*Asks:* 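Quick one: the structure is below, and I'll ask about it shortly.
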Amino acid sequence: MPPTKGTTRRDKLDMMARRARGEKLATIAAAHGVTVQTVRYHLTRESAPRVLAPCGTLAAHKRHRRRGEQPCLPCLDALNAARRQKRAAA
């Protein structure tokens, strides 16, 4: 579930503090005017930061392209390997 518009960094920090004090998700959601799923989303995203895939993987190649960067050689190799594997499976 994507983040709710209007949920600020301060709101997220307050959600984390309330949860640390032992408040229930429903209580936190009611205090912020959002759903329990939204609170769960923000608590999960804040407590478990994303780990980016290292260069040399297909995910890293996609990240380069999404950022408008020229993919590095290991990422191009990963793309070519994925394409070869896809062609071999067909």
Side-chain angles (χ1 to χ4, degrees):
M1 185 169 173
T4 304
K5 288 190 177 203
T7 304
T8 64
R9 177 81 177 145
R10 182 175 290 156
D11 290 334
K12 293 175 190 178
L13 291 173
D14 183 61
M15 289 178 192
M16 290 171 58
R18 287 172 177 257
R19 188 62 177 161
R21 288 193 303 263
E23 290 188 35
K24 295 184 186 259
L25 294 178
T27 307
I28 299 169
H32 287 278
V34 295
T35 64
V36 172
Q37 291 83 4
T38 301
V39 172
R40 189 175 291 122
Y41 171 84
H42 288 301
L43 292 175
T44 303
R45 297 291 288 186
E46 290 299 321
S47 61
R50 291 184 350 185
V51 176
L52 298 178
C55 283
T57 62
L58 188 56
H61 178 272
K62 289 179 181 180
R63 183 178 67 240
H64 284 303
R65 301 296 296 182
R66 195 172 45 246
R67 292 178 175 177
E69 303 169 348
Q70 185 70 23
C72 61
L73 188 58
C75 289
L76 288 173
D77 291 341
L79 175 67
N80 290 333
R83 286 180 175 170
R84 280 193 300 274
Q85 186 178 13
K86 188 174 180 179
R87 264 185 264 130

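Throughout, residue positions are numbered sequentially from 1 according to the sequence presented. Just so it is clear, the model here is predicted, and its values are computed rather than measured.
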*Asks:* Run T35 and R40 through side-chain contact (heavy atoms from CB on, under 4.5 Å) and show every step you take.
*Replies:* CA-CA 9 Å; T35 64; R40 189 175 291 122; over 6 Å; no

*Asks:* Supply the atom-to-atom distance M16 CE to I28 CD1, rounded to the nearest 0.5 angstrom.
*Replies:*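 Going from the CE atom of M16 to the CD1 atom of I28 covers 11.0 Å.
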
*Asks:* Supply the atom-to-atom distance D77 CG to C55 SG, rounded to the nearest 0.5 angstrom.
*Replies:*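 Rounded to the nearest 0.5 Å, the CG-SG separation comes out at 11.5 Å.
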
*Asks:* So, applying side-chain contact (heavy atoms from CB on, under 4.5 Å) with R67, which one of H64, R63, R65 is it?
*Replies:* R63

*Asks:* Once you round to the nearest 0.5 Å, how far does CG of L79 lie from CZ of R84?
*Replies:* 9.5 Å

*Asks:* Return the minimal non-hydrogen interatomic distance between A53 and A59, and the atom names on each side.
*Replies:*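 Heavy atoms only, the tightest pair is CB-CB, 3.8 Å.
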
*Asks:* Within the side chain of D11, is there an N or O that forms a donor-acceptor pair under 3.5 Å with the backbone of T8?
*Replies:* yes

*Asks:* Looking at OG1 of T44 and CD of Q37, how far apart are the two atoms once the value is rounded to the nearest 0.5 Å?
*Replies:* 11.5 Å

*Asks:* Same cluster or not: L58 versus L76, using hydrophobic residues (I, L, V, M, F, W, Y) connected whenever any side-chain heavy atoms lie under 4.5 Å apart?
*Replies:*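 Looking at the clustering, L76 is in a separate group from L58.
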
*Asks:* Is any side-chain heavy atom of L43 less than 4.5 Å from a side-chain heavy atom of K12?
*Replies:*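 No; the side chains remain at least 4.5 Å from each other.
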
*Asks:* If you count the non-hydrogen atoms of other residues, nucleotides and ligands that lie under 6.0 Å from CD in E69, is the total more than 12?
*Replies:*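 Atom CD in E69 is crowded, with more than 12 foreign heavy atoms closer than 6.0 Å.
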
*Asks:* Rounded to the nearest 0.5 Å, how far does SG of C75 lie from NZ of K62?
*Replies:*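 K62 atom NZ to C75 atom SG measures 12.0 Å (nearest 0.5 Å).
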
*Asks:* Are side-chain heavy atoms of H32 and V39 found at a separation under 4.5 Å?
*Replies:*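 Result no, sub-4.5 Å side-chain heavy-atom pair not found.
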
*Asks:* What pairs of residues pass the salt bridge (Lys or Arg N to Asp or Glu O under 4.0 Å) test when at least one of them lies in residues 21-38, not counting sequence neighbours?
*Replies:*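 Found R18-E23, R21-E23.
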
